[in-house]
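Counting from 1, the numbers follow the sequence of the chain as shown. Keep in mind that the numbers below use all heavy atoms, side chains included, and drop hydrogens, waters and symmetry copies. Bear in mind that the values here come from a model prediction, so they are computed numbers and not experimental data.
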Amino acid sequence: MASAPQPLDHATFTNSFVTELLGDPSRENVPRQVPGYHYSPVQPTAVADPHLLAWSEDLAATLGLPRPPERGPAVELLAGNRVAPTMQPYAARYGGHQFGNWAGQLGDGRAISLGEMRAVDGSRWELQLKGAGPTPYSRRADGRAVLRSSIREFLCSEAMHHLGVPTTRALSLAGTGDEVVRDMFYNGNARPEPGAVVCRVAPSFVRFGNFQILLAHQELDNLRQLADYVLRHHFPELGEPSEAVYTQWFAEICRRTAVMVAHWMTVGFVHGVMNTDNMSILGLTIDYGPYGWLEPYEPGWTPNTTDFSTYRYAFGQQPRVALWNLMQLAQALSPLVTDATAALRPALDLYAATFNQTRQAMLLRKLGLTPHPDGQPDYALTEALHAALETSEADMTLFFRRLSHLVPALLAEPEGNAAAFQSLIEEVSYNPQGAVHTPLLEWLERYMQRLRQETAEPEAIRAGMLAANPKYVLRNYLAQQAIEAAEAGDLTDLERLYHVLKTPFDEHPAYEDLAAKRPEWAREKPGSATLSCSS
Ligand code: AMP
Ligand code: MG
């Protein structure tokens with residue numbers, strides 16, 4: 001008989017990052033530079049009233065954990081009030097380029113890793129608390145997180161996982177019973193907000209910036225040690241570290257990053273702060289802050305008010321920015337190989353090729369098309385779609401979902417789809433002026449010609465499209481509504497939203513309101529349309 005799952009407070013943790021890398025000998029928990037080390041041991045700071053607000057059953061099943069009661073030892077552990085005997089908590093030292101400028105040491109200023117636990121399948125996962133109190137890397141801030149940003153991280157990282165996007169996960173959301181003061185828009189209107197802690201989970205939280213800080217300080221032995229640690233634990237298939245293996249490793253990081261960004265571009269996700277300290281070495285989406293989801297298809301859109309002068313991290317910039325970030329990583333890894341240009345340059349080309357191929361394959365799947373032996377005309381077709389969606393101010397998620405449902409009817413009628421196209425556009429566009437929709441109408445005619453070349457049954461095409469085009473994404477205003485209700489003590493909206501985001505390709509007829517077009521009032525509403533880095 002299988003044994004009952006062990007609660008989290010009885011789990012055994014390992015601490016490979018701590019035992020295999022260099023730890024800061026100082027225990028002084030004040031903001032300071034930590035040259036010479038990979039991390040600083042640090043204990044979480046207790047909160048007033050740790051209580052469970054949300055729990056990922058899906059991730060918990062992977063880890064073999066039962067849902068804990070609202071209050072008790074497991075939740076105390078998830079909020080930082082209790083540390084299991086086998087845990088060796090730490091904050092990692094890293095640096096990074098912020099908005100294109102080298103920012104020096106950053107580090108885990110409000111994240112504390114607890115240790116690694118073994119999942120049911122034997123794999124190892126690191127548990128990290130976000131908002132668990134100050135560390136030597138907290139600089140001028142408090143090490144805390146507000147409920148608003150913690151709900152956003154919890155919901156979005158789980159939603160991304162269920163959409164098939166590589167991402168860090170979230171196990172739990174715990175309220176702290178403490179207040180945290182934040183000036184949400186940096187406009188002098190600081191106010192107390194409820195605090196929270198998210199327990200996020202990933203094989204590793206190492207970022208590009210962990211390597212960059214070591215190059216910046218010319219800590220080349222530490223650089224090699226960190227590279228070898230990451231290789232042995234997270235890329236064992238590449239073999240024992242050597243110059244050739246470092247080269248292959250960088251290529252694999254480029255490949256994974258390309259796949260991740262291709263996913264973002266096909267679901268309409270805008271990360272919002274693609275600084276190099278927010279880029280995972282495993283190619284996972286990490287650090288959910290002022291992110292957003294496209295509503296009208298607009299490559300120039302970003303939700304991040306901090307980025308309103310340059311739009312560096314706008315939706316359409318993401319593929320280019322990821323490449324720039326990979327170039328900074330190549331620089332950081334260059335001491336590991338004799339001829340860095342020869343060893344690392346080809347991987348940057350691989351990034352571009354992988355991104356283009358992956359995004360195209362995903363788009364064709366969304367459109368119900370099988371790749372044509374001569375891909376060029378299909379590239380022209382998908383390129384034209386981006387432009388037409390933008391001109392029509394079409395809601396990306398709704399467009400693909402409604403199109404999926406329409407396909408069998410469209411294929412049944414060899415002529416006269418014009419009325420169906422018109423009403424599709426009316427349903428998904430944020431612009432009521434008929435004249436702007438000519439490019440999208442023309443595109444739909446072109447698409448139908450191409451679709452008619454497919455040999456599969458119309459119903460099979462529809463099923464394939466519905467499995468590629470989610471009905472539910474974390475619309476910005478829906479997240480904000482769930483946050484406002486949760487701040488007032490009502491978790492119903494949060495739970496409804498989380499419910500559909502776990503199976504975003506299913507219809508859920510009782511939840512149509514969560515798949516609707518953004519209402520007009522939400523267009524400019526702070527929190528719904530705009531966010532700052534302090535979120
Ligand atoms: P982010 O823009 O959220 O990726 O954060 C950039 C840096 O600021 C990282 O080193 C974070 O750890 C740090 N940071 C952000 N918010 C806080 C906070 N409330 N307390 C301490 N450090 C923070
Ligand atoms: Mg960060």
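Within the 3.5 Å criterion, the main-chain N or O of Gly283 finds no donor-acceptor partner in the side chain of Thr257. Under the 3.5 Å distance criterion, the side-chain polar atoms of Asp183 are matched with a main-chain donor or acceptor of Asn187. Using a distance-only test at 3.5 Å, with no hydrogens or angles considered, no donor-acceptor pair links the side chain of Asp277 to the main chain of Gly209. Within the 3.5 Å criterion, the main-chain N or O of Trp324 finds a donor-acceptor partner in the side chain of Gln328. When atom types are taken as modelled, the side chain of Asp9 and the backbone of Leu77 share no donor-acceptor pair closer than 3.5 angstrom. A donor-acceptor contact shorter than 3.5 Å is absent between the side chain of Asn15 and the backbone of Val18. Remark: side-chain polar atoms of Arg144 are not paired, donor with acceptor, to backbone N or O of Ala141 under 3.5 angstrom. A donor-acceptor contact shorter than 3.5 Å links the side chain of Tyr94 to the backbone of Gly107. A donor-acceptor contact shorter than 3.5 Å is absent between the side chain of His38 and the backbone of Gly23. Of the possible polar contacts, one joining the Tyr291 side chain to the Arg152 backbone as a donor-acceptor pair under 3.5 Å is found.
Residue Ala202 comes nearest to Thr168 through the heavy atom pair CB-CG2, 3.9 Å, listed as atom of the first residue, atom of the second, then distance. Residues Val270 and Pro303 approach most closely at CG1-CD, 3.9 Å, considering heavy atoms. The shortest non-hydrogen separation linking Gly36 to Glu219 is N-OE2, 2.9 Å. In terms of heavy atoms, Pro335 sits closest to Arg224 at O-NH2, 4.0 Å. Of all heavy-atom pairs spanning Thr305 and Thr530, the tightest one is CG2-CB, 3.7 Å. Shown here for Val180 and Ala145, the closest heavy-atom pair between the two residues is CG2-O, 4.0 Å.
Side-chain contact, Thr167 with Tyr288: a donor N or O sits under 3.5 Å from an acceptor N or O. Under 3.5 Å, the side chains of His233 and Glu20 contain a donor-acceptor pair of N or O atoms. Checked by atom type, the side-chain pair Thr276/Arg207 shows no donor-acceptor distance below 3.5 Å. Under the 3.5 Å distance criterion, with hydrogens and angles disregarded, a donor-acceptor pair is assigned to the side chains of Gln480 and Glu484. A donor-acceptor contact under 3.5 angstrom links the side chains of Ser123 and Trp125, judged on distance only. Side-chain polar atoms of Asn275 and Tyr313 form a donor-acceptor pair below 3.5 angstrom. Remark: the His217 side chain and the Gln105 side chain contain no N/O donor-acceptor pair separated by less than 3.5 Å. Inspection of the Asp228 and Tyr246 side chains reveals an N or O donor paired with an N or O acceptor under 3.5 Å. Between the side chains of Asn304 and Thr306, a donor-acceptor pair is found at a separation under 3.5 Å. For the 3.5 Å distance criterion, the side chains of Glu158 and Ser56 qualify, holding a donor opposite an acceptor.
A salt bridge links Asp49 to Arg71: one of the charged nitrogens lies within less than 4.0 Å of a carboxylate oxygen. Using a 4.0 Å cut-off between charged nitrogen and carboxylate oxygen, Arg182 and Asp142 count as a salt-bridge pair.
Checking Val42, Val34, Leu106 one by one against Tyr137, the side chain to side chain contact (heavy atoms under 4.5 Å, CB included) holds for a single residue, Val34. Just one of Lys130, Arg148, Arg110 meets the salt bridge (Lys or Arg N to Asp or Glu O under 4.0 Å) condition when paired with Glu153; it is Lys130.
In this structure, CZ on Arg255 lies 8.0 Å from OG1 on Thr358, to the nearest 0.5 angstrom. Here Thr45 contributes atom OG1 and Asn29 contributes atom CG; the two are 6.5 Å apart, rounded to the nearest 0.5 Å. Note that the CE atom of Met279 and the CD atom of Gln212 stand 10.5 Å from one another [nearest 0.5 Å].
Side-chain contact check for Ile483 versus Glu487: some heavy-atom pair is nearer than 4.5 Å. Looking only at side-chain heavy atoms (C-beta outward), Thr302 and Phe308 come within less than 4.5 Å of each other. Leu163 is not listed as a side-chain neighbour of Phe269, based on a closest heavy-atom distance of 4.5 Å or more. Between Leu8 and Pro68 the shortest side-chain heavy-atom distance does not fall below 4.5 Å. Looking at Phe17 and Gln88, their side chains never come closer than 4.5 Å, going by heavy atoms from C-beta outward. Considering only heavy atoms from C-beta on, Asn325 comes within 4.5 Å of Met274 through its side chain. Within the 4.5 Å cutoff, the side chain of Leu220 has no heavy atoms near those of the Leu214 side chain. By the 4.5 Å heavy-atom criterion applied to side chains, Phe154 and Arg200 are not counted as neighbours.
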Worked verdict on Leu497 versus Tyr472 for side chain to side chain contact (heavy atoms under 4.5 Å, CB included)
CA-CA 9 Å; Leu497 200 47; Tyr472 298 95; over 6 Å; no
Go through it in stages, so that I can follow the logic: the residues are Asp24 and Arg32, the test is side chain to side chain contact (heavy atoms under 4.5 Å, CB included), and I'd like the CA-CA distance, side-chain angles, deciding distance and then a yes or no.
CA-CA 11 Å; Asp24 167 16; Arg32 57 194 166 83; 2.8 Å; yes
Take Val198 and Leu129 through the test side chain to side chain contact (heavy atoms under 4.5 Å, CB included) and record every step on the way to the result.
CA-CA 6 Å; Val198 168; Leu129 303 183; over 6 Å; no
Which is it for Asp339 and Arg345 under the salt bridge (charged side-chain N to carboxylate O under 4.0 Å, His left out) test, yes or no, and what are the steps along the way?
CA-CA 10 Å; Asp339 180 349; Arg345 177 75 236 182; over 6 Å; no
Assess the residue pair Ser40 and Arg93 against the criterion (side-chain hydrogen bond (donor to acceptor under 3.5 Å, both in side chains)); give the C-alpha distance rounded to whole Å, side-chain angles, the decisive distance to 0.1 Å, and a yes or no.
CA-CA 7 Å; Ser40 299; Arg93 171 176 173 243; over 6 Å; no
Please determine whether side chain to side chain contact (heavy atoms under 4.5 Å, CB included) holds for the pair Leu65 and Trp55, giving the CA-CA distance in whole Å, both sets of side-chain angles, and the decisive distance to 0.1 Å.
CA-CA 11 Å; Leu65 293 171; Trp55 175 254; 4.2 Å; yes
With side-chain hydrogen bond (donor to acceptor under 3.5 Å, both in side chains) as the test, would you mind laying out the steps for Tyr229 and Ser16 before giving the verdict?
CA-CA 9 Å; Tyr229 167 83; Ser16 66; 2.7 Å; yes
Between side-chain atoms of residues 260-267 and protein atoms elsewhere (two or more places apart, or another chain), which donor-acceptor pairs fall under 3.5 Å?
| unit_1 | atom_1 | unit_2 | atom_2 | d |
| --- | --- | --- | --- | --- |
| Trp264 | NE1 | Thr285 | OG1 | 2.9 |
| Thr266 | OG1 | Ala262 | O | 2.9 |
| Thr266 | OG1 | His263 | O | 3.1 |

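Within a 6.0 Å radius of CG in Asp58, more than 12 heavy atoms belonging to other residues, nucleotides or ligands are found.
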